[in-house]
Amino acid sequence: MKIIFMGTPDFSVPVLDALVQAGHDIVAVYCQPPRPAGRGKKDRPSPVQVKAEALGLPVRHPVSLKGSQEQAEFAGLQADVAVVVAYGLILPQAVLDAPKLGCLNIHASLLPRWRGAAPIHRAIMAGDAQTGVCIMQMEAGLDTGPVLLREATDIGAEETTGALHDRLSAMGAGLVVEALGRLPELAPDVQPDEGVTYAAKIDKAEARVDWSRSAAEVDRLIRGLSPFPGAWCEVGGERVKLLGSRLVDGSGASGQVLGGFTIACADGAVEITQVQRAGKRPMAAVEALRGLELGETLT
């Protein structure tokens, strides 16, 4: 098939790889423009742009698709279908209608649960037992289109957003290749009105750990915000990111250090397994404790 691929971050790269390996003709790759990054704040191309250029694919990164010229250029590609995954721009109706078979979106949740920007984070933070991937026929609404294929997976008891992100990316790559191969026979499943939730973009103000909450809530916050933006607490006046945790037995006053990096919550306790100090690499909590004095209570 002649495919326009639209994606930007790391999550999208395995999908592009899978489409190429399946023998599809990628007529253009759309991604967000290079952004300033790193200490020098030099423009850095997105992971998708880097991969596309390595594959010798033509790359386009318009700042918007609302203009008539951009829409005409998109339509001029005469694609059979567009595959969209974490692209980062809203697609106007003229763009949605341009490919012969429309635009397919890979969404990292079991729609209609967790429509929106941060479905992986929100699934873990909410304590969902399962999540998954949906291949959706796109329409103008936010993740409201009918679902063509879906695949569920259990969320591990100690799984972080980073680990789940990688698993769902691989699942989505396989599922969209299957969907393209079966497109004529797939019956669109209209999303029900019941069960709709929205995965709001993560606000950094959410990231500070409140030890007066239950151990389950604290554990989910830590895992859900790992690796980015990273839940944090203060240790001796230093802000320390908490990147891994597990529920353990224990009790005490909220924030009380129970031994090692095990901290009491409103009920139960959480053992911190991975941390990151300012300006340093992520490390096992046991390693961090060699140079970090927790004291009696964390805030």
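Two residues are said to be in side-chain contact when any heavy atoms from C-beta on lie closer than 4.5 Å; Val83 and Met1 fail this criterion. A 4.5 Å side-chain heavy-atom check between Leu294 and Leu289 finds at least one atom pair inside the cut-off. Under the 4.5 Å side-chain criterion, counting only non-hydrogen atoms from C-beta, Leu247 is in contact with Val270. At least one side-chain heavy atom of Arg182 sits less than 4.5 Å from a side-chain heavy atom of Leu149. The shortest distance between side-chain heavy atoms of His61 and Pro34 falls below 4.5 Å. Side-chain contact check for Pro62 versus Tyr30: some heavy-atom pair is nearer than 4.5 Å. Looking only at side-chain heavy atoms (C-beta outward), Asn105 and Tyr87 stay at 4.5 Å or farther from each other. By the 4.5 Å heavy-atom criterion applied to side chains, Ile3 and Leu180 are counted as neighbours.
Open room surrounds CD1 on Ile90; 12 or fewer heavy atoms of other groups in view lie less than 6.0 Å from it. Residue Glu185 places its CD atom among more than 12 non-hydrogen atoms of other residues, nucleotides or ligands, all under 6.0 Å distant.
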- Run the side chain to side chain donor-acceptor pair (under 3.5 Å) check on Glu139 and Thr144 step by step: do they pass? CA-CA 7 Å; Glu139 57 184 32; Thr144 58; 2.8 Å; yes

- Message: Walk me through whether Ser214 and Glu217 qualify under side chain to side chain donor-acceptor pair (under 3.5 Å).
- Response: CA-CA 5 Å; Ser214 71; Glu217 290 176 291; 3.1 Å; yes

- Evaluate salt bridge (charged side-chain N to carboxylate O under 4.0 Å, His left out) for Arg122 paired with Glu206, printing each intermediate quantity in order. CA-CA 12 Å; Arg122 295 298 177 188; Glu206 300 177 71; 2.9 Å; yes

- Stepwise side chain to side chain donor-acceptor pair (under 3.5 Å) check, Asp17 with Gln21: CA-CA 6 Å; Asp17 270 333; Gln21 290 169 14; 4.8 Å; no

- Message: Evaluate Asp219 against Ser245 for side chain to side chain donor-acceptor pair (under 3.5 Å), listing each step before the verdict.
- Response: CA-CA 6 Å; Asp219 173 60; Ser245 61; 2.7 Å; yes

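Considering Gln71, Met138, Lys66 as possible partners of Val95, the one that fulfils the side-chain contact (heavy atoms from CB on, under 4.5 Å) test is Gln71. Between Trp114 and the options Thr197, Thr131, Asp128, a side chain to side chain donor-acceptor pair (under 3.5 Å) holds for only Asp128.
Minimum heavy-atom separation, Cys103 to Val84: CB-CG2, 4.4 Å.
One hydrophobic cluster, built from ILVMFWY side chains closer than 4.5 Å, cannot hold both Phe261 and Leu243; they sit in different ones.
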